[in-house]
4 protein chains.
Amino acid sequence: MLAKRLPAPERRRQIAATALEILSTDGVRGLTARAIAERVGVKDGSLFRHFASKEAIVDAAIDAFEALMGETFPEPGQGPLAALAELFHRRVTLARARPELLRLALSDRLTEVAGARGAARVHAVVERSVTFIREQLTLARRQGLVRDDVPVEVLVWTVTGVLRGAAGTSHAPSLRRRAARFDPAGAWHSLELLLTQRTDGSSPETR
Amino acid sequence: MLAKRLPAPERRRQIAATALEILSTDGVRGLTARAIAERVGVKDGSLFRHFASKEAIVDAAIDAFEALMGETFPEPGQGPLAALAELFHRRVTLARARPELLRLALSDRLTEVAGARGAARVHAVVERSVTFIREQLTLARRQGLVRDDVPVEVLVWTVTGVLRGAAGTSHAPSLRRRAARFDPAGAWHSLELLLTQRTDGSSPETR
Amino acid sequence: MLAKRLPAPERRRQIAATALEILSTDGVRGLTARAIAERVGVKDGSLFRHFASKEAIVDAAIDAFEALMGETFPEPGQGPLAALAELFHRRVTLARARPELLRLALSDRLTEVAGARGAARVHAVVERSVTFIREQLTLARRQGLVRDDVPVEVLVWTVTGVLRGAAGTSHAPSLRRRAARFDPAGAWHSLELLLTQRTDGSSPETR
Amino acid sequence: MLAKRLPAPERRRQIAATALEILSTDGVRGLTARAIAERVGVKDGSLFRHFASKEAIVDAAIDAFEALMGETFPEPGQGPLAALAELFHRRVTLARARPELLRLALSDRLTEVAGARGAARVHAVVERSVTFIREQLTLARRQGLVRDDVPVEVLVWTVTGVLRGAAGTSHAPSLRRRAARFDPAGAWHSLELLLTQRTDGSSPETR
DNA sequence: AATGAATGAGGATTCATTCAT
DNA sequence: GATGAATGAATCCTCATTCAT
């Protein structure tokens, strides 16, 4: 269907991207060589001219996934809350643009089709986000920017929870529907309120 | 494992439970008739004396899943925050006892192997939890028990986020590891702090 | 469903008859141990208390078939045309009463499910009919009762053809429908006309 | 038999033909994917690169069957008796060349393995023959070419009976054996005698 | 760079049959 | 005499993968 005889690197990219897409829409069992080939406009056997195995395709898909997720990390050199705000904003924006992608991140489909090494890489991506969030929060705490009546880890959970909510990647239909009502800025503002209120009662605004 | 000749109802239960287990450990593609049968100590063809199809097995697994999740809903007739606390506590406890189960709830593996009807049932279970949380929070808000500077939906995200965190069902290894440090009570206490602080600065303790 | 705990010989008969019935209605592939057992009102395993194997069941079914077909052979000691008329009449009557049975005779379903020996037996039943017809016709010819411008074998074909037609056992729907319009007597009368007309032009009635 | 790597359309034809053959020799239960594949010289899974399902294979087999049977219908534009003679001749010739084929037509094996739609198609083929014969006979009768002392339908039965006999497709071994003694022309001549004699005693030859 | 025909290892499922109860 | 739970072999079919063209 699609253009034939593409240069190899482009084909590779196309195949990996397609795999990612199929995985997020049709799930683990929908990801067959035939399904990929069909969408790419190629016969299934031809996939293996570009990749040694299906696992290799998934591996490349993880590359793409890694890259997309990596782009959402903020520029260094700003305060921790600003950094978090930026990550939050980018992630939610990405989720709106490519809902399947983020859903994929939070499902375990990718890890299921990937080999052990691939699964580890996916986990690393997720881990990196969490670590980043934890670091910024720890930093912020040290700087007195976030509340100290609650362990940092709980704040991490809060951030990931609100992020997931605002991104609309939950499995609960109602969560998904309502997520659409929030723009990234509004959601972040609420999140900031949750994070910054201190036991002494001073609100972040009064700082 | 290799107990032979079990009474049928017991075998059914065993098969459904095993399917649930395999699904949470090995994933969608690991859930083969052979795999189930092997763990149960039976030949694969024998499964179909107990269930009409693999889908029927998954259906029964969803029954089990529904039942287990259903048990975590609190007794009615208490205040909204107490109700949430109880749900929280029960869920975290369940997650600790059967980590795979809760992970399953938050992944979409079950929905992937279930037919359309099965998927709807799983979604309903998840939805029910979210709805319950949202209802209690709305109630609590109306009673002035939770902060009003943040939309209820964000509080819902917060609760699910902290719940997920405390339950240790995340895909991020570090989140998982650290979750173990929190007992349900401590985690809930933190969550309550997040929820109840009001704009006027009064802390929940001073209530 | 049916009465339980039947005396063995009766059960045997019942099973064989049921097998015959299923075979004629549902065909070769419908004849499964389960299907038989179900209609008999027994669990499938129980069949093998009465028969050593499915083939043995089919064998017994052939017994029944043989018996039923055998009953349609006319009493000896009458003229050849009268004998043929009686066979014809009985066969058509049987076909009307139990259409599946005769259809079975002319299909090869029975031979398909029977082992080699069983198939031979079924063939023998069919053969016996044909032989009988051929013998009577040969006799009649010798006695100048049937036309001699046509080989006896062609007359055999005519008889079987008209018999099959009148019995309504053909696969052609229109043949089946129209067969119902003929009563055995009328059909035989026509057949007799076909058989008896002689080259000299004298009709059988003028004999 | 073991030719590998055939062009797809040829393989398709081969598979369909083989299915037809197996069906006529080994019967419904012999028609397994394995059996077909083996005779074709291919592994069973490979069949399904050429056909979507076994039913599709049978469907293609019916195509072949339809085509072969269709070829035996005579050219239009001749008198009814000549048309019948031609059909008769072609059918008997086909039966001699491919005995299994005609036997298949008269058994119900094909209808048993075909789905509902396939069965209907097979019936249509049979029906078409019968209808053709009936039409020609009706026409002939109107033209005074066939006897009028016997209902047309009985003549239809006679034709099909003699056809079946001459074709040697009966289940009775002796019928089969003797059929070989008749050449199509001789058999048709006899059949014509049966059909054309009139009540007034005039033989067809004296016409 | 791609196809077209094939394969082998499994996948779910059916079915005749066994045998302890 | 019958059941209830099991089995093993076979069935149709899918899928990743190969390789000659």
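Protein chains get the first letters and strands the later ones, always in sequence-line order, with residue 1 at the start of each. Every heavy atom of this structure was used, including side-chain atoms; hydrogens, water molecules and symmetry mates were not. Remember, it's a predicted structure, so these values are computed and weren't measured experimentally.
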To the nearest angstrom, the CG-P distance between A:Leu31 and F:dA16 comes to 8 Å

For D:His50 and E:dG4, is the shortest distance between a side-chain N/O and OP1 or OP2 below 4.0 Å? no

In whole angstroms, the gap separating C1' of F:dG4 from CZ of C:Phe48 amounts to 15 Å

Between CD of A:Glu10 and C1' of E:dA1 the distance, given in whole Å, is 13 Å

C:Arg49 atom CZ is separated from E:dT21 atom C1', nearest whole Å, by 11 Å

Item checked: Side-chain donor/acceptor of A:Arg12 to backbone N/O of A:His50, under 3.5 Å -> yes

I'd like to know if B:Arg5 reaches the base of F:dG4 with its side chain such that a donor and an acceptor end up less than 3.5 angstrom apart. yes

Quick one: does D:Glu66's side chain have a donor or acceptor within less than 3.5 Å of a partner on D:Val125's backbone?
no

When rounded to whole Å, the CD to P distance for the pair D:Glu38 and E:dG8 reads 13 Å

TODO: Report yes if some heavy atom in the side chain of A:Leu31 is under 4.5 Å from a heavy atom in the side chain of A:Arg109; otherwise report no.
DONE: no

Rounded to whole Å, NZ of B:Lys54 lies from P of F:dC12 at a distance of 21 Å

Pairing partner of E:dT13, by Watson-Crick or G-U wobble and under 3.5 Å for both distances, is F:dA10

C:Arg29 CZ to E:dT14 C1', in whole Å, measures 11 Å

Exercise. Going through the checks in order, is the salt bridge (Lys or Arg N to Asp or Glu O under 4.0 Å) test met by D:Glu55 and D:Arg117?
Worked result: CA-CA 10 Å; D:Glu55 201 178 316; D:Arg117 229 192 71 251; 5.4 Å; no

5'-most contact on DNA chain E (nearest-nucleotide basis), D:Ala8 vs B:Gly45, goes to D:Ala8

DNA chain E nearest-nucleotide lookup for B:Glu55 and A:Pro7: closer to the 5′ end is A:Pro7

Out of E:dA12, E:dA16, F:dT11, minimum distance to the side chain of D:Thr32 belongs to F:dT11

Whole-Å distance, D:Arg34 CZ to E:dT7 P, equals 13 Å

Rounding to 0.5 Å, atoms CG (A:Leu23) and CZ (A:Phe65) come to a distance of 10.0 Å

Can you find a side chain N or O atom of B:Ser46 that sits less than 4.0 Å from OP1 or OP2 on F:dT7?
yes

- prompt: Distance check: side-chain N/O of D:Arg11 vs OP1/OP2 of E:dA6, anything under 4.0 Å?
  reply: yes

Out of E:dT3, E:dT17, F:dG4, minimum distance to the side chain of C:Lys43 belongs to F:dG4

Answer for the Watson-Crick or wobble partner of E:dA20, both distances under 3.5 Å, is F:dT3

